[in-house]
Protein chains: 2
Amino acid sequence: MSDPAPPLEGFAAHDHRRCRTETLAVAERLSTERGLKLTPIRRRVLEILLEGHRALGAYDILHRLAQDGLGSQPPVAYRALNFLRDLGVVHRIEKLNAFVVCTHPRDAHVPAFLICRKCSSVAEASAPSQGGLLGAAAQAGFAIETSVLEAEGLCPDCQG
Amino acid sequence: MSDPAPPLEGFAAHDHRRCRTETLAVAERLSTERGLKLTPIRRRVLEILLEGHRALGAYDILHRLAQDGLGSQPPVAYRALNFLRDLGVVHRIEKLNAFVVCTHPRDAHVPAFLICRKCSSVAEASAPSQGGLLGAAAQAGFAIETSVLEAEGLCPDCQG
DNA sequence: CGCACTCACGTTATTGTATAACAATTGTGC
DNA sequence: GCACAATTGTTATACAATAACGTGAGTGCG
């Protein structure tokens, strides 16, 4: 499924240790706010995704969980992933059937992803205006609930 | 997979008979231009998709093909679908693992889809500028090759 | 003609992705 | 203690996609 790819941490350099702790803190807070818990399994899944800004398949994550003795059946991984998605700290990349951490939870945003087809690293950019789609939707009488933009190509590191 | 949904023909009213014959003609022409053939199976798959502007799963299509005695194994459907995708007359909806006819083949375009989560009907709008994503991509040094925008919500008919 | 070659299809088997459904457990409030 | 929601465990299954191999039809050409 996923390459033995390099531990690339997103395209732009950033303080990843801080990125990590902050995301975990946000997840913790959002869980509590909703009267729910960031259990060991859920926390671990988030940590795994936080290791790099790369898309991981549910089964990749599941294998990691199994190594840690935290569960080995598909529903375990999917439940945790869906929980984190509801929280808004994880997004699903439709093109890859895979999942990534959100680089800016909290903000309401229309996620836009730059997906490297070689190393599966993913950069997330808020899509400003959805490129006029809202207008087209309104005109058609369509009520948009969620939307995503996914762009595939080559990241800086993979263009050589 | 797909609902026993109404034969909704896209959100905006349009001359669907013409839409149908034109798309078939375009597919025929594009095939010939490339020295390939719009065979009975391929044609049938396109016709099935043309019955409505709705997303159909590969296996839905496969079942239809089987009813017509045109093949019953997954590769049959996927090969035809990929052929039509290469031609540019069919798009894949990542969110649904499903396929739809392109409403405006010929034009080079960044497809943007309005997907009804209830009846699976799909309207396609060219995304004008990709909402500034190009700028963000350039800044990050990312080379975009393809991109899609998928919005989910409720179509006019399903809002009652 | 005989041969090489590509296109298209048939078929078997396998891999990957995701969820349904039900049981068991834990914690909390009353 | 009891009701209730949240969480996890487990089994089985459905859905999506592709690998790999074989077959036959059509075309171009020496």
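The sequence lines fix the lettering, A, B, ..., with proteins before strands; numbering per chain opens at 1.
- In terms of the side-chain hydrogen bond (donor to acceptor under 3.5 Å, both in side chains) criterion, residue partners of A:Glu94 (sequence neighbours excluded) are, by chain and number, A:Arg92.
- Atom C1' of nucleotide D:dA20 and atom CD of B:Gln73 are separated by 14 Å, given to the nearest angstrom.
- Closest approach to the A:Asn97 side chain among C:dT17, C:dT12, D:dT11 is made by C:dT17 (side chain taken as heavy atoms from C-beta onward).
- As rounded to whole Å, 14 Å separates atom P of C:dT6 from atom CG of B:Leu36.
- Rounded to an integer number of Å, the gap from A:Ile61 CD1 to C:dT17 P is 11 Å.
- Judged purely by atom type and a 3.5 angstrom limit, A:Arg42 has no side-chain atom pairing as donor or acceptor with the backbone of A:Leu84.
- When all heavy atoms of A:Ala98 and A:Gly57 are compared, the pair lying nearest together is CB-N, 4.0 Å.
- The shortest side-chain heavy-atom distance between B:Leu49 and B:Leu81 falls under the 4.5 Å cut-off.
- With centroids closer than 5.5 Å and planes inclined by less than 30 degrees as the test, B:Tyr59 and the base of D:dC15 fail to qualify as a stacked pair.
- Put simply, OH on A:Tyr78 is 17 Å from P on D:dA14, counting in whole angstrom units.
- Checking D:dT10, D:dA17, C:dG10 against the side-chain heavy atoms of A:Val76 singles out D:dT10 as nearest.
- With rounding to whole Å, B:Leu81 atom CG is found 12 Å from D:dA16 atom P.
- Side-chain nitrogen and oxygen atoms of A:Arg92 include at least one within less than 4.0 Å of the OP1 or OP2 phosphate oxygen of C:dA18.
- Residues B:Cys19 and B:Leu50 share a closest heavy-atom pair of O-CD2, 4.4 Å.
- Among residues at least two apart or in separate chains, ring pair (Phe, Tyr, Trp, His ring centres under 6.0 Å) pairs with a member in residues 134-160 of chain A are A:Phe142-B:Phe11.
- Under the rule for a side-chain hydrogen bond (donor to acceptor under 3.5 Å, both in side chains), the partners of B:Arg18 that lie at least two apart in sequence or sit in another chain are B:Glu22.
- Spacing between atom CG of B:Asn82 and atom P of C:dC7 amounts to 16 Å, rounded to whole angstrom units.
- Between A:Leu96 atom CG and D:dA17 atom P the separation is 13 Å, expressed in whole Å.
- Counting only heavy atoms from C-beta on, A:Arg79 has its side chain closest to C:dA21 among C:dA21, C:dA18, D:dA16.
- Within 4.0 Å (heavy atoms only), B:Arg34 reaches no atom of the nucleic acid at all.
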Just by protein heavy atoms under 4.0 Å, how would nucleotides 23-30 of chain C read 5' to 3' in B, S and -?
--------

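- Residues from residues 38-46 of chain B placing a heavy atom under 4.0 Å of any atom in DNA chain C, listed by number, are B:Thr39, B:Ile41, B:Arg42.
- More than 12 heavy atoms of other residues, nucleotides or ligands sit less than 6.0 Å from atom CZ of B:Arg34.
- Between the CZ atom of A:Phe83 and the P atom of D:dT8 there is a distance of 9 Å, rounded to whole Å.
- Sequence neighbours left out, the pairs with a member in residues 64-73 of chain A that pass side chain to side chain donor-acceptor pair (under 3.5 Å) are A:Arg44-A:Asp68, A:Glu51-A:Arg64.
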